[in-house]
Peer 1: 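Below you will find the structure I want to go over with you.
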Amino acid sequence: MIMLFSNILLISLGVNIAISIYGIVSKPNMVKKLIAITILSDTVNVIAIVIGYRLANPPIPPIHALNDDYRVFITRVVDPIPQALVLTAIVIGLALIIFLVFLTLRIFRVFGSVNLHEVLETMYKELPTEVHLYEEEPSD
Amino acid sequence: MNISYRFIGLLLLIAMILAISICTTISNVGFNIPHDIKYLSRWVIYSSYLVTTPIFSSMVPEIVNAVIWDYRGIDTFFETSVFYIAIIAAIALFREVKIELVKEYQYLGLSKIVKTVTKTLLVIGLGAAISIALHGHITPGGGFQAGSILASLLLIVIIVFSVHFILMKGLTKNLAIIIRSIGLIGLVSAIFIPILLSLIMNTYGFVFQNQPKVMSPLGLSYVADGHVLSAMVLLLNIFEFLAIFAGFLIIFILLSRPTKELEN
């Protein structure tokens with residue numbers, strides 16, 4: 001039963017990853033891309049937490065209590081290293097999201113849209129046709 | 001158009017296959033939740049709080065904090081610097097934004113019921129955040145979690161009372177930058193003070209030295225008057241709390257500026 005539940009959980013996490021990658025690749029809206037990135041990073045964090053779980057009766061958080069017996073403690077405690085890794089990953093993901101939010105807001109204020117197709121159209125419309133992006137080298 | 005959709009479908013299929021293969025390669029048949037933990041984790045748990053031999057231990061009862069601030073301290077230091085650089089980039093993108101203060105801020109925001117509830121919530125949340133920051137080394141939590149709690153509380157205040165309320169009460173962007181600088185300077189000085197002391201005292205010293213080691217006698221006491229303080233971890237948690245909360249406050253103040261006002 002526990003095996004069934006864990007496999008259902010992991011397959012649903014895989015589906016989550018697929019959905020979020022689809023969102024990042026196919027949606028032209030920057031806000032939707034941002035939501036998809038958030039889902040992706042959270043799903044990966046949940047996978048790491050699941051790897052650190054253990055079947056004990058009952059599992060306890062990794063905190064040393066006063067006067068605890070180490071032999072009993074080590075049979076019940078869950079793995080602390082994935083939790084520490086996830087804490088780092090959350091902060092890095094948050095920094096990425098902060099930067100992307102500000103970039104999206106900036107694009108909206110400059111171009112009036114967060115849809116990347118429309119942004120590209122306005123960019124090409126505003127460029128005069130005779131301006132060359134790179135100066136041509138004089139050919140002798 | 002048709003070709004691009006096919007391409008996306010192909011990518012989706014590849015992602016699906018990768019995702020399911022991750023799930024199935026963790027074990028042979030599906031994923032088994034283990035009954036035991038790995039040897040490395042066993043060693044980390046054993047050595048994080050050894051009262052009998054503190055010289056071989058980090059002396060932090062909360063093992064996640066021990067891993068973050070002692071075993072992988074430099075990693076956390078650079079992670080904080082990534083967060084710092086992201087906020088610097090955000091400030092640089094919005095450097096021309098100047099917020100004009102509205103003095104009659106009591107007419108802004110949501111209704112009086114919501115404001116009263118938020119005032120109660122503010123006191124409780126402030127206490128919870130400071131408690132989590134100060135007890136990060138003995139209970140779940142730490143500087144980052146406490147800073148996030150306080151920052152989300154301030155986000156609620158910005159939504160309910162409007163950003164002019166916070167600015168008129170004195171929590172401006174510049175003050176937040178100063179608090180954040182204090183936090184980061186405290187973090188860096190707490191990390192590098194053992195090395196400076198070792199130069200003066202002519203002994204060995206290490207970056208992120210929490211407890212006295214075999215070769216170097218530097219380090220704060222982990223216990224004071226019967227209370228476990230975990231030496232440097234308490235200081236690092238407090239400084240991280242200041243840095244994270246002020247960094248988020250800068251972001252929320254910058255983001256709460258409406259676009260219509262900018263166009264005028």
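These numbers come from the heavy atoms of this one structure, side chains and all, not from hydrogens, waters or symmetry mates.
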Peer 1: Pick one of side chain, backbone, both or neither for P62(A), based on which atoms fall under 4.5 Å of a heavy atom in chain B.
Peer 2: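 Contact with chain B: backbone and side chain both.
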
Peer 1: Looking at Y53(A), F73(A), F99(A), which makes the most heavy-atom pairs under 4.5 Å with chain B?
Peer 2: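 So the answer, after comparing Y53(A), F73(A), F99(A), is Y53(A).
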
Peer 1: How far does CZ of F248(B) sit from CD1 of I98(A), to the nearest 0.5 angstrom?
Peer 2: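 It comes to 5.0 Å.
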
Peer 1: Any side-chain heavy atom of L255(B) sitting closer than 4.5 Å to one from L105(A)?
Peer 2: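 The answer is yes; the side chains approach within 4.5 Å.
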
Peer 1: Given the options T88(A), I21(A), V25(A), which has more heavy-atom pairs under 4.5 Å with chain B than any of the others?
Peer 2: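 Answer, by heavy-atom pair count under 4.5 Å with chain B: T88(A).
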
Peer 1: Considering non-hydrogen atoms only, spot the tightest contact between A84(A) and R72(B) and give its length.
Peer 2: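 Heavy atoms of A84(A) and R72(B) come nearest at O-NH2, 3.4 Å.
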
Peer 1: So, taking the atom named CZ in R54(A) and the one named CD1 in I37(B), what distance separates them when rounded to the nearest 0.5 Å?
Peer 2: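 CD1 of I37(B) is found 5.0 Å from CZ of R54(A).
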
Peer 1: Examine whether an atom of L9(A) lies under 4.5 Å from a heavy atom of chain B, and if so say whether it belongs to the side chain, the backbone or both; otherwise answer neither.
Peer 2: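 Neither part; nothing is under 4.5 Å.
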
Peer 1: Does the side chain of E79(B) reach to within under 4.5 Å of the side chain of L87(A), using non-hydrogen atoms?
Peer 2: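 Side-chain contact under 4.5 Å: no.
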
Peer 1: Would I251(B) and F102(A) count as a side-chain contact (heavy atoms from CB on, under 4.5 Å) if you check the C-alpha gap in whole Å, the side-chain angles of each, and the deciding distance to 0.1 Å?
Peer 2: CA-CA 9 Å; I251(B) 291 162; F102(A) 274 86; 3.6 Å; yes

Peer 1: In terms of heavy-atom pairs under 4.5 Å with chain B, which of I90(A), L96(A), T75(A), L85(A) leads?
Peer 2: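 The answer is L85(A).
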
Peer 1: Looking at G247(B), A90(B), P140(B), which has the largest count of heavy-atom pairs under 4.5 Å with chain A?
Peer 2: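 Looking at each of G247(B), A90(B), P140(B) in turn, A90(B) comes out on top.
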
Peer 1: Atom CG of N57(A) and atom NE2 of H35(B): how far apart are they, to the nearest 0.5 Å?
Peer 2: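 Interatomic distance, N57(A) CG to H35(B) NE2, rounded to 0.5 Å: 11.0 Å.
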
Peer 1: Is chain A contacted by the side chain of T139(B), its backbone, both, or neither, given a heavy-atom distance below 4.5 Å?
Peer 2: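 For T139(B), the backbone is the part near chain A, not the side chain.
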
Peer 1: Tell me which of these, I45(B), I68(B), V67(B), has more heavy-atom pairs under 4.5 Å with chain A than the rest.
Peer 2: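 The option with the most such pairs is I45(B).
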
Peer 1: So for Y49(B), is it side chain, backbone, both, or neither that comes closer than 4.5 Å to the heavy atoms of chain A?
Peer 2: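 When you check distances to chain A, atoms from both the backbone and side chain of Y49(B) fall under 4.5 Å.
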
Peer 1: Measuring from I51(A):CD1 to K38(B):NZ, what's the distance to the nearest 0.5 Å?
Peer 2: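 One finds 7.5 Å between CD1 of I51(A) and NZ of K38(B).
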
Peer 1: Against chain B, label V77(A) side chain, backbone, both or neither, depending on which of its atoms sit under 4.5 Å from a heavy atom there.
Peer 2: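 Both backbone and side chain.
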
Peer 1: Hey, does V91(A) have a side-chain heavy atom less than 4.5 Å from the side chain of V82(B)?
Peer 2: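 No. Closest side-chain heavy atoms not under 4.5 Å.
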
Peer 1: Working to the nearest 0.5 Å, report the span between CD1 of I92(A) and CZ of F78(B).
Peer 2: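 The CD1 atom of I92(A) sits 11.5 Å away from the CZ atom of F78(B).
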
Peer 1: Do you know which of L40(B), D75(B), D36(B), I138(B) has the most heavy-atom pairs under 4.5 Å to chain A?
Peer 2: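 Ranked by heavy-atom pairs under 4.5 Å with chain A, first place is D36(B).
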
